[in-house]
Amino acid sequence: MIALVDCNSFYASCEQVFRPDLWGKPVVVLSNNDGCVIAANKEAKALTQIPMFEPVFKIKQLLIDHDVSFFSSNYTLYGEMSQRVMNTLKQFSPQVEIYSIDESFIDLANMRFVNLDAHGHHIKNTIFRNTGLPVGVGIAPTKVLAKLANRMSKKIAHYKHVCVLDTPEACKQALKDAEIKDVWGIGKKHCQRLNNRGIFTANQFAYEVSLEWVRKNMTVVGERIWRELRGEPCLSLEMLPKAKKAIGTAKSFGNKLTDLGLIEEACAYYISEVSEVLRKQNSCAQFIQVFLQTNYHSDRDAQYSNSITVTLSTATNDTFILTLEATKALRTIYKSGYRYKKVGVNLSGLIPQEFVQMNIFDSVNPQERSALMQTVDKLNQKYGKSTVNSGLVGNRQEKWELIKKDRSPRYTTQWSELLAIDSNWS
DNA sequence: TCTGGGGTCCTAGGACCC
DNA sequence: TCTGGGGTCCTAGGACCC
């Protein structure tokens with residue numbers, strides 16, 4: 001059996017943990033740039049029927065009318081809270097797959113004589129005691145069924161956030177009750193295609209659609225879902241996080257930009273961020289992609305977007321080399337006269353640092369540069385992000401940085417911020 | 001005026017090799 | 001007139017996830 005443990009409205013719950021005054025009240029968390037709603041707790045969902053990903057400007061009044069508290073996203077806080085949850089989970093099984101920031105699969109094999117329902121409640125209660133975060137637990141023979149069980153644990157009140165599907169009958173009933181769109185791995189497109197064929201429930205999908213059709217129309221990915229719904233495990237637990245194959249970042253500017261200089265500074269900053277991640281996994285990148293775009297939602301602005309990929313003569317994770325290359329690339333695609341909304345960088349062709357093929361024409365000493373980067377990383381870790389950075393990043397961040405007007409303090413990592421808000425602690 | 005960001009996996013088709 | 005067979009690698013595009 002496999003358990004899926006998933007935090008309820010994770011980002012909103014993280015905000016509430018440190019704000020007892022908001023317990024039981026509606027809370028939503030906004031995306032980067034405060035653009036749209038990305039998390040809402042159950043009180044907020046119930047009160048306002050806020051659809052997720054709704055642009056904030058469309059529902060601002062609704063939020064105010066219902067006295068909904070809203071927060072800019074605070075990923076430093078959510079990342080730290082996530083670690084606390086995952087550490088607690090590791091007490092329950094050595095086999096934990098951290099699937100995302102707020103959910104994990106855990107292996108419950110060899111627990112034949114344990115009451116799984118009681119065990120699920122024990123997990124749920126321990127996490128709440130240790131972190132203050134509410135979770136749902138779904139237990140079933142396959143990952144796809146565990147996902148379904150988890151969903152039911154939250155939706156159907158009498159489960160009290162723990163749902164176990166441990167008999168063929170229980171699985172069958174769950175499939176009959178589940179809409180096809182609620183199955184993990186079935187997105188909008190496949191859902192529409194299945195609906196068109198008269199398939200509306202998970203049970204119909206698993207028992208009325210032929211494997212041939214699934215294979216032909218939904219590839220092997222669909223086949224795995226189909227089999228897993230029938231109780232045949234196809235997806236194993238991935239305990240070791242895989243090295244990333246690409247690392248990128250792209251964020252909207254706080255305000256639209258026309259000036260190449262400012263865009264270059266934002267681009268240089270993003271490069272410093274992604275190359276730090278690259279060094280953390282001891283990889284080097286062979287390719288850099290840079291892209292630039294205007295606001296495609298606007299029908300007033302002239303539209304332009306472009307991207308370019310450059311191949312490096314030697315794979316590297318050196319911030320300074322990557323920044324120079326990215327800047328050069330950016331200059332080739334930039335065209336004046338447009339109001340740009342976003343610049344992005346993507347490092348790919350990632351290879352382990354020790355496999356890098358040196359280039360006979362390279363002028364930098366790789367050992368010296370690697371030592372330099374290690375020092376930069378250490379300084380930034382000790383004294384805060386971007387304490388030391390390339391001069392190309394400049395010092396005009398407020399001109400392009402994204403907007404996070406309503407970010408909560410970094411309660412768990414920044415003591416100074418915590419002290420500053422002691423008024424919340426009555 | 002204001003609309004997120006970071007990923008993965010799979011397939012088909014083209015280019016190329018011997 | 002008749003024009004093979006077995007591969008690999010790369011890319012773009014589609015679909016999905018949180």
Side-chain angles (χ1 to χ4, degrees), chain A residues 4-11 28-39 50-61 63 70-75 78-79 82 97-105 143-144 147 150-151 180-194 214-225 234-235 238 241-256 270 273-274 277-278 281 286-287 289 291 293-301 307 309 311 339 341-350 402-405 407:
Chain A
L4 175 67
V5 181
D6 170 307
C7 301
N8 305 345
S9 346
F10 181 58
Y11 295 171
V28 300
V29 175
L30 312 180
S31 64
N32 274 341
N33 250 8
D34 297 345
C36 49
V37 174
I38 54 168
I50 297 167
M52 227 47 85
F53 305 106
E54 190 71 356
V56 171
F57 73 90
K58 284 192 186 166
I59 55 161
K60 192 90 185 204
Q61 198 54 48
L63 296 179
F70 48 91
F71 293 89
S72 303
S73 33
N74 183 347
Y75 293 106
Y78 311 149
S82 172
E97 173 187 339
I98 299 175
Y99 177 69
S100 76
I101 192 163
D102 74 330
E103 57 187 289
S104 270
F105 289 100
K143 278 183 161 184
V144 173
K147 269 278 198 184
N150 181 281
R151 202 189 146 78
I180 189 67
K181 71 168 169 46
D182 297 334
V183 173
W184 185 42
I186 310 269
K188 237 189 187 155
K189 290 285 163 70
H190 287 323
C191 179
Q192 193 55 56
R193 222 176 295 172
L194 287 162
V214 173
R215 185 68 216 223
K216 182 155 179 274
N217 293 280
M218 301 171 69
T219 77
V220 66
V221 179
E223 175 174 350
R224 289 189 194 118
I225 297 166
C234 301
L235 304 167
E238 311 273 345
K242 291 198 182 117
K244 286 188 171 41
K245 294 174 177 173
I247 299 169
T249 191
K251 279 162 270 198
S252 303
F253 304 126
N255 298 299
K256 305 286 172 287
Y270 296 162
E273 286 186 321
V274 291
V277 177
L278 192 60
Q281 72 164 41
Q286 293 173 289
F287 310 109
Q289 183 197 31
F291 65 89
Q293 56 190 225
T294 51
N295 178 15
Y296 53 83
H297 290 294
S298 164
D299 33 64
R300 227 167 306 207
D301 288 323
S307 97
T309 302
T311 305
R339 296 175 69 233
K341 176 190 197 296
K342 184 191 280 187
V343 70
V345 297
N346 202 13
L347 305 179
S348 59
L350 307 191
L402 37 83
I403 298 163
K404 294 208 165 194
K405 224 166 62 252
R407 186 182 58 77

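Numbers restart at 1 for each chain; the letters A, B, ... are given by sequence-line order, proteins then strands. Just so it is clear, the model here is predicted, and its values are computed rather than measured.
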Please work out if A/Asp102 contacts a base, only the sugar-phosphate, or nothing of the nucleic acid, heavy-atom cut-off 4.0 Å.
-> sugar-phosphate
Compare all side-chain heavy atoms of A/Gln289 with those of A/Val345 and state whether any distance is below 4.5 angstrom.
-> no
Sugar-phosphate, base or nothing in reach of A/Ser298, heavy atoms under 4.0 Å | nothing
Minimum side-chain heavy-atom gap A/Asn150-A/Phe105 below 4.5 Å | no
Evaluate the salt bridge (Lys or Arg N to Asp or Glu O under 4.0 Å) criterion for residues A/Glu238 and A/Lys143: first the C-alpha distance (whole Å), next the side-chain angles of each, then the deciding distance (0.1 Å), finally the verdict.
-> CA-CA 11 Å; A/Glu238 311 273 345; A/Lys143 278 183 161 184; 5.7 Å; no
Could you pick out which residue, A/Arg339 or A/Val220, lies toward the 5' side of DNA chain B when each is mapped onto its nearest nucleotide?
-> A/Arg339
Stem regions touching DNA chain B, defined by at least 3 consecutive Watson-Crick or wobble G-U pairs below 3.5 angstrom = B:5-18 with C:5-18
So what does A/Tyr99 touch, heavy atoms closer than 4.0 Å: a base, only the sugar-phosphate, or nothing?
-> sugar-phosphate
Are any of the side-chain heavy atoms of A/Leu30 and A/Val56 separated by less than 4.5 Å?
-> yes
Pick base, sugar-phosphate or nothing for A/Glu54, based on heavy-atom distances below 4.0 Å to the nucleic acid.
-> nothing
Identify whether any heavy atom of A/Asn33 sits under 4.0 Å from a base atom; if not, whether one sits that close to sugar-phosphate; answer base, sugar-phosphate or nothing.
-> nothing
Inter-nucleotide C1' distance (B/dG4, C/dC17), Å rounded = 15 Å
From A/Ser104 atom OG to A/Glu97 atom CD, the distance as rounded to the nearest 0.5 Å | 7.5 Å
When all nucleic acid strands are considered with a 4.0 Å heavy-atom cut-off, which category describes A/Leu30: base, sugar-phosphate, or nothing?
-> nothing
Which is true for A/Ser252 with a 4.0 Å heavy-atom rule: it touches a base, it touches only sugar-phosphate, or it touches nothing?
-> sugar-phosphate
Contact class for A/Lys58 vs. all strands (heavy atom < 4.0 Å): base, sugar-phosphate, or nothing?
-> nothing
When we call it a touch if two heavy atoms are under 4.0 Å apart, what does A/Lys342 touch: a base, just sugar-phosphate, or nothing?
-> sugar-phosphate
Measure up the A/Tyr99 and A/Trp184 rings against each other and bin them: parallel (under 30°), tilted (30 to 60°), perpendicular (over 60°).
-> perpendicular
Answer with base, sugar-phosphate or nothing: what part of the nucleic acid does A/Lys216 contact at a heavy-atom distance below 4.0 Å?
-> nothing
Have a look at A/Lys60 and say if it touches a base, only the backbone sugar-phosphate, or nothing, with a 4.0 Å heavy-atom cut-off.
-> nothing
Scan A/Asn255, A/Thr294, A/Asn295, A/Asp301 and name whichever one has a side-chain hydrogen bond (donor to acceptor under 3.5 Å, both in side chains) with A/Arg339.
-> A/Asp301
Pairing residues for A/Ser72 by the side-chain contact (heavy atoms from CB on, under 4.5 Å) criterion, not counting sequence neighbours = A/Asp34, A/Lys404, A/Asp406, A/Arg407
Contacted region of DNA chain B by chain A, from 5' end to 3' end of the hits, cut-off under 4.0 Å to heavy atoms, spans B/dT1 to B/dT11
Below 4.5 Å, heavy atoms only, C-beta onward: do A/Ile38 and A/Phe53 meet side chain to side chain?
-> yes
